[in-house]
Protein chains: 2
Amino acid sequence: MSSSKVLPRKSAPRESYHHGDLQAALLEAAVNLVRANGPDHLSLRAVAEQVGVSPSAVYHYFPDKDSLISELGDQLFIKMAEMQAVALGSIPGSSARAARMRYRELGRTYFRWANSEPNLFRLMFGGFCKIEKRGTHESEEAFLMLSKCLDDLLATGVITATMRKYGELISWTAVQGASTLIIEGILPEAAFEELLDGLELAMRGGAK
Amino acid sequence: MSSSKVLPRKSAPRESYHHGDLQAALLEAAVNLVRANGPDHLSLRAVAEQVGVSPSAVYHYFPDKDSLISELGDQLFIKMAEMQAVALGSIPGSSARAARMRYRELGRTYFRWANSEPNLFRLMFGGFCKIEKRGTHESEEAFLMLSKCLDDLLATGVITATMRKYGELISWTAVQGASTLIIEGILPEAAFEELLDGLELAMRGGAK
DNA sequence: CCCATAATCTGAACACTATTCAGATACCGA
DNA sequence: TCGGTATCTGAATAGTGTTCAGATTATGGG
């Protein structure tokens with residue numbers, strides 16, 4: 001089953017024998033197929049056909065299918081970190097209010113990504129890509145943004161020093177878990193904003 | 001690649017033509033294969049061969065491969081809920097100390113399951129099983145255990161009424177997220193106990 | 001400019017997969 | 001004992017990942 005939506009071929013049969021930038025084209029086709037059909041149900045042949053190239057051509061750029069998927073995962077981690085950075089940049093200012101908005105928006109960006117592209121989120125965190133260098137690197141970048149955000153909250157007196165210590169850990173894991181539980185249909189979508197309320201309250205030491 | 005460990009055949013070629021309880025045998029074989037090779041990389045034929053039966057026999061019990069996987073997911077949710085119940089039952093008493101131990105043990109059971117069987121955890125929460133009736137039912141059961149646990153914490157004065165309101169949401173999502181992030185190698189294993197410390201602190205309103 | 005060399009891609013093949021279905025087999029009730 | 005039925009097999013179809021010899025095209029040195 002799995003409905004296996006068929007995407008229209010990307011472009012007419014190319015004119016030149018060589019493709020130009022086949023690696024990038026393959027990754028882009030792959031991300032579209034994963035988006036539509038899920039990280040399982042990805043077919044190498046379908047990727048090749050999308051690009052208009054023979055299946056074996058893929059093996060000049062990736063040793064095997066799992067490597068393509070893994071590389072795709074790395075790209076997604078980078079894109080996600082970029083979105084986080086953009087979200088932070090869109091809320092300047094050093095007031096307590098601005099710091100709180102940044103905190104919430106950071107979480108929302110994480111969740112919005114998961115919720116709008118569940119299959120890509122599953123690819124990232126479903127054991128498909130072996131995170132060894134790049135993945136962890138981008139994760140550390142995201143971690144640092146969150147740290148800075150929490151520093152601001154501490155500086156403006158929104159959260160307590162005691163809770164600051166656990167800020168990254170609790171925030172990150174909760175947002176990650178909520179994203180999973182919501183896209184898998186176990187928690188309702190509305191649970192996310194409620195979670196943000198609870199997190200903020202927890203961070204400020206339970207005071208109103 | 002994917003190493004695709006081959007498990008030894010479960011039993012010698014059976015004596016009787018009919019199998020007895022093929023459905024259960026198939027699910028058991030499948031869970032072992034998923035455990036070893038991951039939810040993707042599961043082969044129907046391998047499942048059938050493990051049981052010593054023809055590939056087509058599977059289709060008398062499951063309409064297709066995805067249905068088998070989905071059914072498997074349901075079973076895992078049940079087993080997980082059972083483990084939670086056992087964990088709770090192993091710590092009786094109505095003291096604050098007992099209530100705190102139950103809270104932590106509930107989280108540890110969740111994480112221990114994920115960490116000891118990452119591929120089964122991925123199957124449960126990686127979009128492989130369409131959770132429609134049973135899955136959500138078992139999730140609600142787990143939710144109720146957590147609720148009771150939090151009620152005890154509130155009754156014994158360990159946590160504040162304000163935070164009690166967000167207890168299930170924060171605890172569940174954080175434990176879920178930590179499990180994912182740790183088994184995917186993004187957070188170190190030690191992060192889990194630290195998270196429990198942070199959660200307890202958060203629940204009690206940030207007081208030491 | 002031309003040619004050799006290297007990079008790139010194809011075609012066909014192999015072993016494997018899910019899925020279907022006509023038919024063989026074994027059980028069970030009458 | 002017999003007929004019917006649930007159960008399982010065998011073979012076939014279509015699609016998969018992967019390999020490799022060879023065809024095609026780009027590139028740099030004469």
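Throughout, a chain's letter reflects where its sequence line sits, starting with A, and its residues are numbered from 1. Quick note: numbers below take in every heavy atom, side chains included, and nothing from hydrogens, waters or symmetry partners. Bear in mind that the values here come from a model prediction, so they are computed numbers and not experimental data.
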Determine yes or no for a side-chain-to-main-chain donor-acceptor pair under 3.5 angstrom, with B:Arg102 supplying the side chain and B:Ile91 the backbone.
yes

When rounded to whole Å, the NE2 to C1' distance for the pair A:His60 and C:dA6 reads 12 Å

Does a nitrogen or oxygen in the side chain of B:Ser56 sit under 4.0 Å from OP1 or OP2 of D:dG10?
no

D:dG17 base / A:Arg45 side chain donor-acceptor hit below 3.5 Å
yes

Spacing between A:Ile69 atom CD1 and D:dT16 atom P, to the nearest angstrom
14 Å

Take the protein atom CG of A:Leu44 and the nucleotide atom P of C:dA15, then report the distance between them rounded to whole Å.
20 Å

To 10°, what angle do the rotation axes through the five end pairs on each side of the helix from C:dC1-D:dG30 to C:dA30-D:dT1 form?
0°

By the 4.0 Å heavy-atom rule, please label A:Phe62 as base, sugar-phosphate, or nothing.
nothing

Below 4.0 Å: OP1/OP2 of D:dT16 and any side-chain N or O of A:Ser43:
yes

Given atom CG of A:Asn37 and atom C1' of D:dG15, what is their separation to the nearest angstrom?
14 Å

Looking only at side-chain N and O atoms, does B:Ser171 offer a donor or acceptor that is under 3.5 Å from a partner on B:Tyr103?
yes

When rounded to whole Å, the CG to C1' distance for the pair A:Asp66 and D:dG17 reads 10 Å

Can a side-chain donor-acceptor contact be found between A:Gln84 and A:Thr109 if the only test is distance below 3.5 angstrom?
no

Between B:Pro63 and B:Ala46, which has a closest nucleotide on DNA chain C that is more 5'?
B:Ala46

Return the value, rounded to whole Å, for the distance between atom CG of B:Asp21 and atom P of D:dT7.
11 Å

Can you check whether A:Tyr59 has a side-chain N or O nearer than 4.0 Å to OP1 or OP2 of C:dT8?
no

Under 3.5 Å, is there a donor-acceptor pair linking the side chains of A:Asn115 and A:Arg112?
no

Spatial distance of atom CH2 (A:Trp172) from atom CZ (A:Phe143) [nearest 0.5 Å]:
7.0 Å

Nearest whole Å is fine: how far is D:dT16 C1' from A:Leu68 CG?
15 Å

If we ignore angles and hydrogens, is there a donor and acceptor under 3.5 Å between the side chains of A:Tyr110 and A:Gln176?
yes

Between the side chains of B:His41 and B:Asn119, is a donor N or O closer than 3.5 angstrom to an acceptor N or O?
no

Mind calculating the distance between CG (A:Asp64) and C1' (D:dC20) to the nearest angstrom?
17 Å

